[in-house]
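Here the structure comes first, spelled out in structure tokens, and everything after it is commentary.
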Amino acid sequence: MDHIRELRNRIVKIILGIVVGTIVGFIFFDPIWDFMTGPFCRLPSNLRLGNSTSTDCNLNLVVGSVTGGIFINLKVAFMFGLVVAAPIWLYQVWAFVTPGLYRNEKKYSYTFLGLAVPLFLAGSALAYLTMDKGLSLLLGFVPENAVPLIDVNDYLSFLMLMLVIFGVSFLLPLLMAFLNIIGVLRFAAVAKHQRMVIFLMFVFAAIATPSQDPFTMLALAMPMIALFYLALAFMYFRDRRQDALDAQRARALEEELDGPSVPADD
């Protein structure tokens, strides 16, 4: 019963954090909207509505209903609140899980949580900076006598999906290192199948990227591979040190069990 009560309290704190962040996002909608439409603003003018050369690129996104404006405001505010409240809901989820871990696992888990946030943000930043390349490639297939009408909700969903996929992908090598720390995953097992892992990363990048273009796929796959090898190096040195400590403990235990040598009687 206490476990259920704790879960309920933590869910309430998560919801309150997101609600407060959403309210702040609703108040500061204009600068947040300018930031979110940044990748669309960087598109070449010939890919915008009517080949517009205006710098006010917000006019090139289409709202498809009378009530669409208010829902766009709410959607943008909610996306902002979800991101801003990330430290709150990450901590609440982690605090609910960590009581089941051992003391040494808890120590590493806080380090894991501390690295997870900047890695997720780094992945999301990469998605934000490269998103216009994927959009340019996709919109470049539109015939010259056709006009690309991009709905605002479709654009926001596309943006959110890109940010989340890139951010989560940057956490996979960190998860490898954490599994190694708690003894679930060994370096030898991963190194034996590293070629297959790299191949699967390219497959994952090709499937996961919403734009499905080669540039975005490589932009996701290459950093993932670099982080994978960093995690692999960490696992190698940690397993090597752990094996040496285990061998040392085994020798000490063997000597203790054998006991001191007794000189034979003459």
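What you see is a predicted model, and the numbers here were worked out from it, not measured in a lab. Below, each value reflects all heavy atoms present in this structure, side chains not excepted, and no hydrogens, waters or symmetry copies.
- No side-chain heavy atom of K13 sits less than 4.5 Å from a side-chain heavy atom of W89.
- Contact of the I11 side chain with the R8 side chain is not registered, since no non-hydrogen atoms from C-beta on lie closer than 4.5 Å.
- Salt-bridge annotation for R238 and D243: absent, with no side-chain N of the basic residue lying under 4.0 Å from a carboxylate O of the acidic one.
- In this structure, L227 is a member of the same hydrophobic cluster as Y229, with clusters built from ILVMFWY side-chain heavy atoms closer than 4.5 Å.
- Annotation: side chain of V24 is not in contact with side chain of V84 (no heavy-atom distance under 4.5 Å).
- Aromatic pair F29/F80: centroids not less than 6.0 angstrom apart.
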**Message:** As a quick check of understanding, evaluate side chain to side chain contact (heavy atoms under 4.5 Å, CB included) for M162 and F158, giving each step before the final call.
**Reply:** CA-CA 6 Å; M162 287 280 289; F158 182 83; 4.0 Å; yes
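- Cluster annotation: V83 and L163 are assigned to distinct hydrophobic clusters (Ile/Leu/Val/Met/Phe/Trp/Tyr, side-chain heavy-atom contacts under 4.5 Å, transitive).
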**Request:** Assess whether side chain to side chain contact (heavy atoms under 4.5 Å, CB included) is satisfied between L185 and V190, documenting all intermediate values.
**Result:** CA-CA 8 Å; L185 192 63; V190 179; 3.7 Å; yes
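- The aromatic rings of F40 and Y155 sit perpendicular, their planes meeting at an angle over 60°, well past the 30° parallel limit.
- The closest side-chain heavy-atom distance from K75 to S157 is below 4.5 Å.
- Connection of L171 to V184 is established within a shared hydrophobic cluster, with ILVMFWY side chains joined at heavy-atom distances below 4.5 Å, either directly or through further cluster members.
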